[in-house]
Asker: 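For reference, the structure I am asking about is given below.
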Amino acid sequence: MKELLLSQPVFTLYTIALVVICLLTGVALMTWVERRLSGVIQFRWGPNRVGPMGLFQPVADGVKFFWKEDVIPRDAFAPVFVLAPALAMITALCAFAVIPFGPTIELLGRKIPLVILNVDGGILFALAATSLGVYGIVCAGWASNSKYSLMGGLRASAQMISYELALALAVIGVLLVSGTLRPVEIVAQQEGWFWNWNVFSGWQLLGFLIFLVAGYAETNRLPFDMPEAESELVAGYHTEYSSMKFSMFFMAEYVNMITSAALAVTLFLGGYHTGLPLAEWGLSGWPLWIIQILAFVAKVGFFMFLFVWVRWTLPRFRYDQLMALGWKRLFPVALANLMATAVLVALDLTGR
Amino acid sequence: MESIVFIVLSILAVASALVVILPVFRNAIVSALALALNLVCVAGFFFLLDAQFIGFLQVIVYAGAIMVLILFVLMLLNIHDERHLGPSGFFQRFLGPLLAVGFAAIIVSAALLPATGTSFDAAEEEFGTVNALGMDLFTRFFYPFEAISLLLVVAMIGAVLLAKRRL
């Protein structure tokens with residue numbers, strides 16, 4: 001029994017459980033952080049009644065979601081209507097599997113890499129999972145049998161396909177510089193001082209900015225939240241959803257935010273590396289691991305803060321502006337960035 | 001383990017393929033969704049065969065992009081009911097079933113006949129990785145690869161020309 005519990009596949013299950021728990025806790029925390037930060041930005045309090053500083057607000061919200069009535073509209077197409085939130089949630093959680101959130105640590109006399117899936121085409125796995133993520137939204141929009149939902153679903157599918165191109169091209173720039181599709185190796189190359197990060201020594205600053213903008217569109221966050229623009233579409237694709245089903249869309253959006261932030265950190269900003277050559281300074285063992293994991297969390301946290309900051313800074317785009325930005329600006333710029341990167345790599349001017 | 005995954009994937013693939021063509025729901029969107037599931041199952045087969053890269057591309061390109069576009073068009077057209085449309089024309093009525101039966105006969109006979117002579121070498125260690133595939137594409141299959149790229153560009157320009165006569 002003990003051997004089974006410590007065998008490799010079961011250990012992978014532990015890692016998966018750990019990641020899922022951390023992600024969902026992060027989501028809960030993030031809903032609170034977002035509302036408090038919004039309060040700060042708008043010069044009001046935000047939720048501050050439940051628990052210290054309103055910290056238990058997510059728990060209260062969760063309990064409330066569970067006790068709400070779960071409505072399936074009469075004219076909705078029930079099988080797809082029920083499937084849609086699950087699809088959104090599953091694909092959102094899957095994408096995180098390839099992201100290394102810490103170094104390989106040693107525990108109970110075995111080496112544990114802090115990444116669930118270390119495969120050759122790891123980055124492609126993340127892209128595949130996010131490209132499937134659109135199904136949850138599209139299915140929800142169609143199965144609700146409501147005009148607003150359908151419009152939201154249509155917008156989501158067009159928007160996510162458009163911005164996926166720019167996103168993928170920005171990622172390819174990094175892949176050219178690193179010469180591998182394995183996230184673990186991409187992170188390992190960015191060790192040491194912070195100028196070893198891909199965004200600096202790989203000359204990927206432009207690619208990073210493109211990735212950031214496209215990431216906002218991919219996660220349907222303001223200023224690109226056209227699929228659920230409340231002033232036009234009530235609530236977009238999840239207008240007809242209630243109770244836990246709505247909550248799952250909500251959580252999927254936040255998980256997607258965390259994943260895209262983590263991807264940006266992994267690809268461009270050194271992953272779990274702190275930006276200081278701590279290993280050279282003689283730091284090793286568990287203090288180093290803990291510092292590195294905390295560095296990863298801090299970097300992701302910064303991007304989460306950025307999400308909220310941008311939300312209350314930029315007004316929502318018009319739909320044609322969104323498409324024009326995606327196809328006429330970001331896409332050509334991303335292509336040019338890719339060409340420039342290819343030249344840099346051919347001339348061996350990158351720090352790799 | 002591998003055979004369990006294979007059996008589950010096979011059942012899913014065949015079932016979803018049947019949902020695509022059988023008049024269970026009589027609904028174009030359900031068919032499209034089932035086709036997307038089918039494509040993901042095929043990607044699963046690629047993973048089982050150690051062809052990771054092709055598997056990922058299968059999901060990204062077919063399930064993630066092309067099927068979403070098809071869904072987009074279906075939703076825009078808002079086709080709800082296709083009850084009135086049956087098979088029509090000589091090809092669909094007679095030639096179609098004939099071809100299907102012929103194909104099925106080939107498959108079944110191939111499965112039943114004992115395996116003959118040719119054996120294949122074991123796949124290399126690197127097989128299916130992005131590196132190995134890229135090496136093959138840009139050395140051994142360089143000219144076919146470039147020819148296909150050219151073909152795709154021609155197809156793209158053709159589509160733009162057909163759709164936008166007056167640019």
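Chain letters run A, B, ... following the sequence lines, proteins first and then strands; every chain starts at 1.
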Asker: Looking only at non-hydrogen atoms, find the nearest pair between A:Gln190 and A:Thr266 and report the distance.
Answerer: NE2-O, 3.0 Å

Asker: Only heavy atoms, only distances under 4.5 angstrom. Which residues in residues 75-89 of chain A are near chain B?
Answerer: A:Phe77, A:Val80

Asker: Is the B:Phe56 to B:Phe47 ring centre distance short of 6.0 Å?
Answerer: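 For B:Phe56 and B:Phe47, the ring centres are under 6.0 Å apart.
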
Asker: Output all residues satisfying ring-ring contact (aromatic ring centres under 6.0 Å, His included) with A:Phe96, sequence neighbours left out; order by chain, then residue number.
Answerer: none

Asker: With under 30° as parallel and over 60° as perpendicular, where do the rings of B:Phe145 and B:Phe138 fit, or are they tilted in between?
Answerer: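 B:Phe145 vs B:Phe138 ring planes: perpendicular.
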
Asker: Would you mind checking which part of B:Leu69 comes under 4.5 Å of any heavy atom in chain A, side chain (CB onward), backbone (N, CA, C, O), both or neither?
Answerer: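 Contact with chain A involves both backbone and side-chain atoms of B:Leu69.
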
Asker: Between A:Leu124 and chain B, which part of the residue has a heavy atom less than 4.5 Å away: side chain, backbone, both or neither?
Answerer: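 Both parts, heavy atoms under 4.5 Å.
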
Asker: Would you please indicate yes or no on a ring centroid separation below 6.0 angstrom for A:Tyr216 and A:Tyr163?
Answerer: no

Asker: Determine whether more than 12 heavy atoms belonging to other residues, nucleotides or ligands lie under 6.0 Å from atom OH of A:Tyr14.
Answerer: yes

Asker: Nearest 0.5 angstrom please: B:Ile11 CD1 to B:Phe6 CZ, how far?
Answerer: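 If I round to the nearest 0.5 Å, the distance is 10.5 Å.
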
Asker: Let me know if A:Leu154 has heavy atoms under 4.5 Å from chain B in its side chain, its backbone, both or neither.
Answerer: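 Looking at A:Leu154, backbone and side chain both touch chain B.
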
Asker: Chain B heavy atoms under 4.5 Å from A:Val134: which part of the residue, side chain, backbone, both or neither?
Answerer: side chain

Asker: At what distance, to the nearest 0.5 angstrom, does CG of A:Leu267 lie from CD1 of A:Ile99?
Answerer: 8.5 Å

